[in-house]
Asker: 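The structure is given below, and queries will be raised subsequently.
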Amino acid sequence: MGKRVALVLAGCGVFDGSEIHEASAALVHLSRGGAEVKIFAPNIEQRDVVNHLKGSPTEEKRNVLVESARLARGNIQDLAELKASEFDAVIFPGGFGVAKNLCSWAVDGKNCTVNEHVNSTLQAFHSAKKPIGLCCISPVLAAKVFPGCEVTVGQDKNIDGRFPDAETASAIAELGCKHICKNVNESHVDKANKIVTTCAFMCKAPLHEIFDGIGTMVQEVLKLA
């Protein structure tokens, strides 16, 4: 019997939603691991809409659930309907949508607020002692919701220019959490909290290394499940 895993998206596109390669990598590794996956996203308006060709915001209004449906091939549900009792684990890919739509980290940093349904989902899985997988910027969700937990977003210094967002590690530490330095092809397991994290595109690395790192995260999540 395959593990039942919920995948939570934040839109479609790195600059205002879920990072497409990360979401796809997670789905591929879950499929390879024999997991039964259902996809969810909050039914809310995006904080902004970015023209991905120009990298600049537009005047458009888009809905996170509707945009996430592009990645889910239409097979998606409102996050408000997710019941932790029906799943063995939950995974959050990264992308700026996590920091804009699932929480306000992009604007408020460590003083951010977390979307109510995202918060309740994390709390429900944590209370049930079911694993939570997070990659790229999404470990900040755990850092905000679970003080004292251990996560990684890669390195805490911008080594060779590969970790331009290394200051995120300091913000995580300021929240009372422990940041564990890891390479892009590795993940960290907080055994006490059953939280598994990997840095993905927080590191400037070849796509296959990011894919492999997400694979280690997914494998660890499935082991814990």
Asker: Do V184 and I137 belong to the same hydrophobic cluster, where Ile, Leu, Val, Met, Phe, Trp and Tyr are linked whenever their side-chain heavy atoms lie under 4.5 Å apart, directly or via other members?
Answerer: no

Asker: Tell me which pairs pass side-chain hydrogen bond (donor to acceptor under 3.5 Å, both in side chains) where either residue lies in residues 82-100, with sequence neighbours left out.
Answerer: R4-D88, D48-K100

Asker: Which distance, rounded to the nearest 0.5 Å, do you find between the CG of D78 and the CD1 of I44?
Answerer: 9.5 Å

Asker: Kindly indicate, with the supporting measurements, whether the criterion side chain to side chain contact (heavy atoms under 4.5 Å, CB included) is fulfilled by L102 and F92.
Answerer: CA-CA 10 Å; L102 303 192; F92 289 77; 3.9 Å; yes

Asker: With respect to M217, which candidate in L222, V196, L134 satisfies the side-chain contact (heavy atoms from CB on, under 4.5 Å) definition?
Answerer: V196

Asker: Taking all non-hydrogen atoms of both residues, which atom of P93 and which atom of V98 are closest, and how far apart?
Answerer: O-CG2, 3.3 Å

Asker: Would you mind writing out the side-chain donor-acceptor pairs for residues 8-30 within the sub-3.5 Å range, not counting sequence neighbours?
Answerer:
from : atom 1 : to   : atom 2 : distance (Å)
D16  : OD2    : V50  : N      : 2.8
S18  : OG     : A10  : N      : 2.7
E19  : OE1    : H21  : N      : 2.8
E19  : OE1    : E22  : N      : 2.9
E22  : OE1    : G94  : N      : 2.7
E22  : OE2    : F201 : N      : 3.3
H29  : NE2    : F211 : O      : 2.9

Asker: Does V5 belong to the same Ile/Leu/Val/Met/Phe/Trp/Tyr cluster as F125, with side-chain heavy atoms less than 4.5 Å apart forming each link?
Answerer: no

Asker: Test: salt bridge (Lys or Arg N to Asp or Glu O under 4.0 Å). Region: residues 113-123. Which pairs qualify, not counting sequence neighbours?
Answerer: none

Asker: Identify the heavy atoms of K144 and C112 that sit nearest to each other, and give their distance.
Answerer: CE-O, 2.9 Å

Asker: State the NZ-CD1 distance between K38 and I76, to the nearest 0.5 angstrom.
Answerer: 13.0 Å

Asker: Within this structure, what is the CG-CD1 distance for the pair L71 and I39, rounded to the nearest 0.5 Å?
Answerer: 8.0 Å

Asker: Grouping I, L, V, M, F, W and Y whenever their side-chain heavy atoms are under 4.5 Å apart, do V49 and V64 come out in a common cluster?
Answerer: no

Asker: I want to check something: taking the side chain as every heavy atom from C-beta on, are V189 and L224 in contact at a cut-off of under 4.5 Å?
Answerer: yes

Asker: Enumerate the side-chain hydrogen bond (donor to acceptor under 3.5 Å, both in side chains) contacts for residues 58-72, please, sequence neighbours excluded, ordered by first and then second residue.
Answerer: N43-N63, E60-R62, R62-E67, E67-R70

Asker: Pairs in or reaching into residues 188-200: which pass side-chain hydrogen bond (donor to acceptor under 3.5 Å, both in side chains), with residues at least two apart or in two chains?
Answerer: H126-N193, E150-H188, D190-N193

Asker: Using the rule that Ile, Leu, Val, Met, Phe, Trp and Tyr join whenever any side-chain heavy atoms are under 4.5 Å apart, tell me whether V90 and F40 fall into a single cluster.
Answerer: yes

Asker: In a table with atom names and distances, give each donor-acceptor pair under 3.5 Å that connects a side chain of residues 162-183 to protein atoms at least two apart or in another chain.
Answerer:
from : atom 1 : to   : atom 2 : distance (Å)
T168 : OG1    : D165 : O      : 3.0
E174 : OE1    : K110 : NZ     : 3.3
H179 : NE2    : V153 : N      : 3.0

Asker: Spell out, as yes or no, whether a donor-acceptor pair under 3.5 Å connects the side chain of T216 to the backbone of G213.
Answerer: yes

Asker: Side chain to side chain contact (heavy atoms under 4.5 Å, CB included), that's the test. Do C103 and V118 meet it? Break it down for me.
Answerer: CA-CA 8 Å; C103 70; V118 172; over 6 Å; no

Asker: Mind listing the closest non-hydrogen atom pair of T152 and P139 along with its distance?
Answerer: O-CG, 3.5 Å

Asker: Heavy-atom count check: over 12 atoms from other residues, nucleotides or ligands less than 6.0 Å from Q123 CD?
Answerer: yes

Asker: Under a single-linkage definition using a 4.5 Å side-chain heavy-atom cutoff for Ile, Leu, Val, Met, Phe, Trp and Tyr, are I91 and V151 assigned to the same hydrophobic cluster?
Answerer: no

Asker: To the closest 0.5 Å, what do you measure between OG (S138) and CH2 (W105)?
Answerer: 12.0 Å

Asker: Is there side-chain contact between C199 and Q155, with heavy atoms separated by less than 4.5 Å?
Answerer: no

Asker: Just by distance, do the side chain of K130 and the backbone of A84 share a donor-acceptor pair under 3.5 Å?
Answerer: yes

Asker: Is it the case that atom CZ in F96 sees more than 12 heavy atoms from other parts of the structure closer than 6.0 Å?
Answerer: no

Asker: Can you give me the closest heavy-atom contact between P131 and A225, atom names plus distance?
Answerer: CG-N, 3.7 Å

Asker: Do you know the tightest heavy-atom contact between A41 and L65?
Answerer: O-CD1, 3.6 Å

Asker: Atom CG of L82 and atom CZ of F87: how far apart are they, to the nearest 0.5 Å?
Answerer: 5.0 Å

